[in-house]
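These notes are about the structure you will find just below.
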Amino acid sequence: MRNILLLILTFPLFIFAQSPVERAKKFYEERKTADARKILSVIDDDDKEYAEAQYYLGRISFDEKKYDDAQDFFEEAVDTNDKVADYYNWLGNTYGTIAQDANMIKQGMLAPKMKTAWEKAIALNPSLIDARTSLIQYYLQAPGFMGGSIEKAKETAKGIIPLNAAQGHLQLGNIYVKEKKIPEAEKEFLEMVKADPAFISGLANFYLNQKQYDKAFAICEDAIKKNPETMAYVYQLGRACAISGQRLERGEECLKRYLAYTPKSNEPSHAGATMRLAQLIEKKGNKAEAKKLFQEALKLDPGLKEAQEGLKRTS
């Protein structure tokens, strides 16, 4: 009886002991961003949680594609507390996203900022793989006079292997693909799957991009056979059929099956699956039906460029 009474007395205290940022974080994770923002926006700059509040306001703005606002919030977070890796990582991500649509002058201004942000994130938390993969992309895309370097990209990728072997081999494979060193790339992708069979879609995608369709199909079919409830593999096979223009009936079956399923947050979206189905139906010669599907995909995600292009082809 005494234990029950103690639980009753202490339970409300636990609820009220949550800090404003903890409550806002819970709302954010539940995608109740308006509730989260309402709590975060009133936290003063002399509050010990101010930096964290700015970080989550930045995350909300980034999710809403308000990247200039996100930049302001993340910069305020790192100015207030420069010891948190995630703040720098997301600041770098925001600089990189803004740079994608910026003119060359602005890109030149943002490039060193994003590089520095990711480097600081890694220095603060060497196990932060997201920052390492972003830095790899920077090294691959930036010109040499701005710090771009294939060798630095490889060095950074190799540094991921002790942290996550599959992810490290994936990054090395992508670098070799960029260098057009296909045998070396294939070796890395095979090592990737050996380290973690869950990365099988990456190997299938490699073969698909190399137009080695039979290997891609075989990998997807084997994955489905071994893991019939893993719908991501079903999607990958449908996608392979749509891109290759082969095995169209099988692809249609897979994509329709995937569209009857509710994807998890880390799985391909219904927008993408609808677009792939439209591409497949287009290849079957039914432009009218394909057009409807491209339109449906764009309603779900107006930013799908392949769907936009498909709609133009079928209109």
Side-chain angles (χ1 to χ4, degrees), residues 166 169-170 173-174 176-178 180 182-183 185-190 192-194 196-315:
H169 288 298
L170 169 63
N174 288 335
Y176 284 127
V177 168
K178 185 174 179 65
K180 299 188 180 351
I182 303 307
E186 182 178 20
K187 180 181 177 182
E188 293 299 332
F189 289 127
L190 289 169
M192 170 190 74
V193 174
K194 190 183 297 184
D196 187 348
F199 278 67
I200 194 73
S201 295
L203 179 59
N205 196 50
F206 165 73
Y207 286 130
L208 188 61
N209 289 336
Q210 298 306 312
K211 298 185 179 181
Q212 298 183 41
Y213 298 133
D214 287 343
K215 287 185 178 181
F217 293 141
I219 286 168
C220 291
E221 291 285 12
D222 185 59
I224 293 170
K225 183 178 179 180
K226 291 177 179 175
N227 306 275
E229 301 305 316
T230 304
M231 296 303 293
Y233 296 149
V234 174
Y235 167 81
Q236 289 298 336
L237 179 54
R239 175 178 176 270
C241 295
I243 291 173
S244 67
Q246 299 178 16
R247 307 189 187 188
L248 298 179
E249 294 297 331
R250 176 62 168 146
E252 183 176 355
E253 173 196 341
C254 288
L255 290 169
K256 285 182 175 178
R257 183 182 168 196
Y258 188 79
L259 288 167
Y261 159 79
T262 302
K264 298 180 179 67
S265 59
N266 62 337
E267 292 178 329
S269 68
H270 272 186
T274 302
M275 180 190 73
R276 295 302 180 189
L277 182 58
Q279 292 173 334
L280 190 149
I281 296 298
E282 182 186 1
K283 285 181 170 69
K284 290 179 74 174
N286 190 340
K287 285 195 172 185
E289 181 62 23
K291 178 181 178 180
K292 290 179 183 178
L293 288 166
F294 282 128
Q295 289 172 331
E296 186 179 335
L298 288 169
K299 284 181 182 178
L300 295 170
D301 184 352
L304 281 176
K305 291 184 179 179
E306 287 183 83
Q308 293 168 0
E309 293 166 357
L311 185 58
K312 288 179 182 177
R313 287 195 308 270
T314 54
S315 294

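Only this structure's heavy atoms are used, side chains among them; waters, hydrogens and symmetry mates stay out.
- Rounded to the nearest 0.5 Å, atoms OG (Ser269) and OH (Tyr235) are 7.0 Å apart.
- Between Ile281 and Ala290, the shortest heavy-atom distance links the atoms CG2-N, 3.8 Å.
- Remark: the backbone N or O of Pro302 is paired with a side-chain donor or acceptor of Gln308 at under 3.5 angstrom.
- Ala278 and Leu293 get closest at one heavy-atom pair: CB-CB, 3.5 Å.
- Ile182 CD1 to Gln212 CD: the interatomic distance, rounded to the nearest 0.5 Å, is 9.0 Å.
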Assess whether side chain to side chain contact (heavy atoms under 4.5 Å, CB included) is satisfied between Tyr258 and Leu237, documenting all intermediate values. CA-CA 10 Å; Tyr258 188 79; Leu237 179 54; over 6 Å; no
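- Smallest separation of non-hydrogen atoms from Thr274 and Ala297: CG2-N, 3.9 Å.
- In this structure, CE on Met231 lies 10.0 Å from OG1 on Thr262, to the nearest 0.5 angstrom.
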Do Asn205 and Arg239 pass the side chain to side chain contact (heavy atoms under 4.5 Å, CB included) test, and can you show the C-alpha distance, the side-chain angles, and the key distance before you say yes or no? CA-CA 10 Å; Asn205 196 50; Arg239 175 178 176 270; 2.7 Å; yes
Does the side chain to side chain contact (heavy atoms under 4.5 Å, CB included) test come out yes or no for Arg276 and Ile243, once each step is laid out? CA-CA 8 Å; Arg276 295 302 180 189; Ile243 291 173; 3.8 Å; yes
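- In this structure, CZ on Arg313 lies 5.0 Å from CZ on Phe294, to the nearest 0.5 angstrom.
- Not a single side chain to side chain donor-acceptor pair (under 3.5 Å) links Glu229 to another residue, sequence neighbours left out.
- Atom CG in Leu255 sits 10.5 Å away from atom NE2 in His270 (nearest 0.5 Å).
- Residue Glu289 holds its CD atom at 8.0 Å from CG of Leu277, rounded to the nearest 0.5 Å.
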Determine whether Lys215 and Gln210 satisfy the following criterion, side chain to side chain contact (heavy atoms under 4.5 Å, CB included), listing intermediate values before the conclusion. CA-CA 10 Å; Lys215 287 185 178 181; Gln210 298 306 312; over 6 Å; no
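- With contacts defined as side-chain heavy-atom distances shorter than 4.5 Å, the pair Phe217/Leu208 does not qualify.
- Contact annotation: the side chain of Leu170 never approaches that of Glu188 to less than 4.5 Å [non-hydrogen atoms, C-beta and beyond].
- Between Ala204 and Cys220, the closest heavy-atom pair is CB-SG, 3.9 Å.
- Counted within 6.0 Å of NZ on Lys283, heavy atoms from surrounding residues, nucleotides or ligands total more than 12; the atom is thus considered enclosed.
- Listed here is the closest heavy atom pair of Glu252 and Lys256: OE2-NZ, 2.7 Å.
- Environment of NZ in Lys284: crowded, with over 12 heavy atoms of neighbouring residues, nucleotides or ligands closer than 6.0 Å.
- Under the 4.0 Å criterion applied to side-chain N and carboxylate O atoms, Glu253 and Arg250 are assigned as salt-bridge partners.
- Side chain to side chain, Glu186 and Tyr207 meet the donor-acceptor criterion of an N or O pair below 3.5 Å.
- A 4.5 Å side-chain heavy-atom check between Tyr233 and Ser201 finds at least one atom pair inside the cut-off.
- Across all non-hydrogen atoms, the minimal contact from Leu280 to Cys241 is CD1-CB, 4.2 Å.
- Under the 3.5 Å distance criterion, the side-chain polar atoms of Tyr176 are left unmatched by any main-chain donor or acceptor of Lys187.
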